[in-house]
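For reference, the structure is listed below as structure tokens.
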Amino acid sequence: MKKLVASFALVSVLSLASCLKSPETTPSPVAKGVELYNVAMSMQHMALDPANVAFRLSIYLAEAKAQSIDITSTTALNDWGANSTVTVGSRNINLRNTLFSFGVTFEVADGVYTVIYPNSYYSESDVIRHGKIIIDTNGKTNLYEFESGDEWEISLGADEVAYPVSNSYGSAGYDIYVRTVSSYTISYADDELWWIDVVDLKSHLEGDQEVLWSANERVLSYNWDGKYASLVNASTYFSVWSGSTGEGNSVFNTDAVYAMRYIVDSDITFRPACSWTFFESGTETVEFTALNYDKTNYPGRYVTVDWYKGTTACTKYADVTYNGFVERR
């Protein structure tokens, strides 16, 4: 049970897409930096989402196995889902519905697990996904039992994976389609440490905007005292192809290719007991890596966000540094 609770905390790290509140009506010298950070964090969240699903699957399979469910059987795994009740803390929860939501099903064949999100799937508290995420466990179904050389490989179903977005950036809603990925792996780094390596994950926004990203040297760790998880050594590169029909956010509003990078400069410590997106400490940087970005709208090439713990429980603040200015939020 201790590891089950710990696993939920780790999944929350993969789910986090922290954002900064936009500046109030009074002009702020860091406003464009905040905008740049929030766009990059949305992309970061998308890049990590297949790994998020993989860690959820690891939790699900470990608990099913502990309850003597045949995890090599499609029928057994799906039948158990409707009754997969476990106790977390003082609460009884349905594990499938908590991790994947009602209606999600699985297919199993020779250690390859397909998680199927139906088009009717809806969630108020999780990312909405439509489509299939395919995870080859290579015979090791529990990420917490990984040893040197162990690796999971992730791919996408032929119909893509869609992430519907509503009322975002001022639009009435659109879909983000994750179409292809050259390579997506989770591998052993050390005890309770995993490398997540992504090569050329390509997405397409409704309209004519496309994003190609790669994430390297990423380690996720969990501290077993049950208090925090952390994201360390992260570096994600984005190439954004933007068309003239882009809506709402000036990062995407001109015909251009933007090269961007998200970096964790100092380990991001996350405290799930406070909230799913509670950054307690750490430093992040988002930067344009090429010189062809819109320098009129973005006078600074990079923004740095330093997170700090507040003076009372579950409070925090951030110092935003952009174009020579520092503003606390």
Side-chain angles (χ1 to χ4, degrees), residues 1-16 45 48-74 76-108 111-117 121 123 125-127 129 132-147 150-154 184-189 191-196 219-231 270 272-273 276:
M1 185 53 60
K2 185 177 181 182
K3 284 200 173 185
L4 180 61
V5 175
S7 299
F8 276 110
L10 184 55
V11 164
S12 68
V13 175
L14 288 161
S15 302
L16 58 84
H45 176 76
L48 284 176
D49 190 67
N52 185 339
V53 173
F55 273 89
R56 293 172 188 232
L57 179 67
S58 179
I59 297 169
Y60 191 73
L61 295 179
E63 188 62 25
K65 191 174 181 180
Q67 295 193 24
S68 301
I69 305 300
D70 181 4
I71 63 173
T72 67
S73 165
T74 295
L77 206 57
N78 285 316
D79 286 349
W80 181 66
N83 302 297
S84 54
T85 302
V86 298
T87 302
V88 177
S90 60
R91 297 184 302 129
N92 291 327
I93 65 170
N94 180 289
L95 193 60
R96 182 202 62 182
N97 294 351
T98 300
L99 292 173
F100 302 102
S101 193
F102 179 83
V104 170
T105 57
F106 308 91
E107 292 178 354
V108 189
V112 178
Y113 291 80
T114 301
V115 183
I116 305 168
Y117 290 90
Y121 164 70
S123 174
S125 59
D126 190 19
V127 176
R129 309 171 183 87
K132 299 179 179 180
I133 296 178
I134 303 164
I135 301 163
D136 187 347
T137 64
N138 290 308
K140 185 66 74 74
T141 59
N142 191 335
L143 288 167
Y144 287 91
E145 296 176 355
F146 263 27
E147 298 174 344
D150 289 335
E151 181 177 89
W152 278 15
E153 300 171 63
I154 302 174
Y184 200 126
T185 60
I186 302 175
S187 57
Y188 174 88
D191 290 341
E192 287 92 49
L193 295 170
W194 300 268
W195 294 101
I196 298 176
V219 178
L220 293 167
S221 65
Y222 180 76
N223 182 282
W224 291 108
D225 67 5
K227 293 182 179 179
Y228 70 86
S230 59
L231 175 64
F270 169 74
W276 294 110

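All values reported here derive from a predicted model rather than from experimental measurement. Heads up: numbering here begins at 1 and tracks the sequence. The basis for the numbers below is simple: all heavy atoms, side chains too, and nothing from hydrogens, waters or symmetry mates.
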Just by distance, do the side chain of [X] and the backbone of [Y] share a donor-acceptor pair under 3.5 Å?
| X | Y | answer |
| --- | --- | --- |
| Asp79 | Ala76 | no |
| Thr74 | Val108 | yes |
| Asn138 | Glu151 | yes |

Mind checking the [atom1]-[atom2] spacing from [X] to [Y]? Nearest 0.5 Å is all I need.
| X | Y | atom1 | atom2 | value |
| --- | --- | --- | --- | --- |
| Thr185 | Trp152 | OG1 | CH2 | 13.0 Å |
| Glu153 | Ile134 | CD | CD1 | 12.0 Å |
| Asp150 | Trp194 | CG | CH2 | 12.5 Å |

On a heavy-atom basis, which atom in [X] and which in [Y] lie closest, and how many Å separate them?
| X | Y | value |
| --- | --- | --- |
| Thr98 | Arg56 | O-NH1, 4.3 Å |
| Phe55 | Ile186 | CE1-CD1, 4.0 Å |
| Phe106 | Arg96 | CE1-CG, 4.3 Å |
| Ala64 | Ile71 | CB-CG2, 3.8 Å |
| Asn52 | Arg129 | ND2-NH2, 4.0 Å |
| Ala62 | Asn142 | CB-ND2, 3.7 Å |

Evaluate the side-chain proximity of Leu61 to Leu77: yes if any heavy-atom separation is below 4.5 Å, no if none is.
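A side-chain contact exists here, since the closest heavy-atom pair is under 4.5 Å.
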Under 4.5 Å between any side-chain heavy atoms of Ile133 and Ile154, yes or no?
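The answer is yes, as the side chains (C-beta and beyond) meet within the 4.5 Å cut-off.
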For Tyr113, all residues meeting ring-ring contact (aromatic ring centres under 6.0 Å, His included), sequence neighbours excluded
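In terms of ring-ring contact (aromatic ring centres under 6.0 Å, His included), with neighbours along the sequence ignored, Tyr113 is linked to no residue.
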Kindly assign one of parallel, tilted or perpendicular to the pair Phe100 and Tyr117, based on the angle between their ring planes and the thresholds 30° and 60°.
tilted
Residue set satisfying side chain to side chain contact (heavy atoms under 4.5 Å, CB included) with Gln67, at least two apart, ordered chain then number -> Glu63, Ile69, Trp80, Val86
